[in-house]
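Everything numeric in this text was worked out from a predicted model, so none of it was measured.
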Amino acid sequence: MTTVTAPVDLRSDTVTLPSAGMRKAMTRAKVGDSQRGEDPSVRALEEHAASLFGKEAALFVPSGTMGNLVAVASWTRPGDIVVASAASHIAGREGPGISNLAAVAILGIDAPRGIFTADDVSGAIASAPLRSRANVRLVTAENTHNAGGGAVFPITSLRRIRSVCRKAGIPVHIDGSRIFNASVASGVPPAEYGKVCQSLMFCLSKGLGAPVGSIVTGTREFVEEARNVGYRVGGGMRQAGIVAAGGLYALRNNVRRLAEDHANAKTLARALAEIPGIEVVNSPVETNILLFRWATPSVSLPEFQEALRGKGVLVDDRAFPRFRAVTHLGIGKQEIARAIRAFRDVFGRAGA
Ligand SMILES: Cc1ncc(COP(=O)(O)O)c(C=O)c1O
């Protein structure tokens with residue numbers, strides 16, 4: 001019998017698979033019609049999530065993209081302007097959805113690693129044309145910042161941004177797709193992040209390892225509006241408790257272990273930095289995302305990917321010759337060692 005070893009999949013933390021314990025919790029979940037508010041598992045997840053962030057209420061949605069959309073659409077009216085980092089997921093990867101469905105424009109801030117300051121926010125608001133300045137209706141901050149290589153938004157900056165926005169009467173939304181990575185890396189409890197924003201979205205289906213779903217949290221009034229918007233875009237689910245139970249299991253069991261992913265990403269970064277011609281772009285690595293660049297590639301992208309796949313390793317290309325590697329609960333020390341061997345071999349051989 002031949003044993004087939006699963007590839008070391010570093011493309012994203014979205015590739016995580018539900019563990020046996022999570023699957024068991026999902027099998028046992030009590031369910032009901034969640035769109036009618038009758039699913040006990042969805043309600044338990046929403047209540048637990050809201051309490052973690054010190055918020056009144058929460059809404060379980062199918063994806064992070066839908067979570068951001070319902071939050072943006074709840075805070076704005078068509079024609080409004082949303083301030084975000086220019087490289088943020090909201091600006092770059094959901095922009096078309098948000099501009100089509102919420103009909104808002106994004107005012108992008110160019111900031112190192114996507115981490116902007118309160119002064120940047122004041123500058124962005126002041127840079128909006130006079131006639132539309134009053135339409136700047138929301139500021140969003142991404143924590144951790146995906147394109148910034150998993151950069152953590154410092155809580156002190158968020159507090160200052162919150163204070164500038166309070167004076168301007170503008171709410172703050174956090175795209176906290178990976179907020180638990182930020183919390184574990186910085187030691188800032190989720191409730192502190194809850195205090196610096198009016199709404200926050202986080203994903204259960206990334207490093208936390210649940211198969212489906214995200215949470216949007218805020219005041220009862222905001223969540224009610226978000227629920228209405230979600231319903232309009234087809235987010236009303238039925239016996240969603242089966243997947244919500246996976247989310248609840250993830251919050252209870254898979255948060256603290258994120259520190260292992262951060263340590264593994266650092267180990268990988270150190271090894272990559274030692275390979276001639278490889279530069280770690282986001283050094284020092286803060287969480288579970290690693291960006292690296294091959295200075296003078298000697299093969300094409302398909303040839304590189306083929307060679308790496310042959311060694312049982314997958315990475316995401318982020319504008320070749322730049323790459324992204326993401327650590328997660330499917331990657332242990334053995335997998336990191338295997339990836340390091342593969343990188344040394346493929347980059348070394350191609351560079352020779
Ligand atoms: C920062 C950020 N926000 C939002 C999303 C969207 O999440 P989903 O893929 O669940 O729609 C992602 C997905 O990668 C993300 O990285």
Electrostatic pair Glu192:Lys195 at N-O distance under 4.0 angstrom | yes
So with a 6.0 Å cut-off around CZ of Arg93, is the heavy-atom count from everything else above 12?
-> no
Any side-chain donor paired with an acceptor under 3.5 Å for Ser199 and His173?
-> yes
Using 4.0 Å as the upper bound for N to carboxylate O, is an ion pair formed by Arg257 and Asp261?
-> yes
Residue pair Ala87 / Ala147: nearest heavy atoms and the distance that separates them | O-CB, 3.5 Å
Compare every heavy atom of Lys266 with every heavy atom of Val285, then report the nearest pair and how far apart it is.
-> O-CE, 3.3 Å
May I ask you to test the Thr140-Asp175 pair for a side-chain heavy-atom distance under 4.5 Å?
-> no
Take atom CD of Glu221 as the centre, draw a 6.0 Å sphere, and report whether it contains more than 12 heavy atoms from other residues, nucleotides or ligands.
-> no
With sequence neighbours excluded, residues passing ring pair (Phe, Tyr, Trp, His ring centres under 6.0 Å) with Phe323 | Phe292, Phe304, Phe320
CD1 (Ile179) and OG1 (Thr144) are apart, to the nearest 0.5 Å, by 8.0 Å
Heavy atoms of other groups near Arg43 CZ, more than 12 under 6.0 Å = no
Heavy-atom distance under 4.5 Å between the side chains of Ser12 and Asp316, does that happen here?
-> no
Please round to the nearest 0.5 Å and tell me the distance separating atom CG of Asp120 and atom CD1 of Ile161.
-> 8.0 Å
Worked verdict on Phe343 versus Leu268 for side-chain contact (heavy atoms from CB on, under 4.5 Å) | CA-CA 10 Å; Phe343 285 130; Leu268 194 54; 4.0 Å; yes
Do the non-hydrogen side-chain atoms of Gln305 and Asp317 ever get within less than 4.5 Å of each other?
-> yes
Greater than 12 external heavy atoms within 6.0 Å of Asp110's CG = no
Exercise: do His145 and Ser85 side chains pair donor with acceptor under 3.5 Å = yes
Check: Ile289 and Arg178 side chains under 4.5 Å, non-hydrogen atoms = yes
Hey, could you give me the CD/CZ distance between Gln198 and Arg166, rounded to the nearest 0.5 Å?
-> 8.0 Å
Flag if over 12 foreign heavy atoms under 6.0 Å of CZ, Arg338 = yes
Exercise: do Asn288 and His328 side chains pair donor with acceptor under 3.5 Å = no
Atom pair OG (Ser74) and CZ (Phe222), whose distance is rounded to the nearest 0.5 Å | 5.0 Å
Can you find a heavy atom in the side chain of Glu56 that is under 4.5 Å from one in the side chain of Val223?
-> no
Can Leu204 and Phe60 be said to form a side-chain contact (heavy atoms from CB on, under 4.5 Å), step by step?
-> CA-CA 10 Å; Leu204 296 155; Phe60 181 50; 3.8 Å; yes
Leu314 and Val15: side-chain contact (heavy atoms from CB on, under 4.5 Å), yes or no, with the steps?
-> CA-CA 11 Å; Leu314 307 175; Val15 302; over 6 Å; no
No-hydrogen, no-angle side-chain donor-acceptor test under 3.5 Å, Ser122 and Asp119 | no
When rounded to the nearest 0.5 angstrom, what is the spacing between CD1 in Ile115 and OG1 in Thr117?
-> 11.0 Å
Is there a side-chain contact (heavy atoms from CB on, under 4.5 Å) between Cys197 and Phe53 once you walk through the steps?
-> CA-CA 10 Å; Cys197 63; Phe53 288 90; over 6 Å; no
Measuring from Ile90:CD1 to Leu138:CG, what's the distance to the nearest 0.5 Å?
-> 7.5 Å
Can you check salt bridge (charged side-chain N to carboxylate O under 4.0 Å, His left out) on Arg309 and Glu306, steps first, answer last?
-> CA-CA 5 Å; Arg309 199 177 300 118; Glu306 193 47 45; 3.0 Å; yes
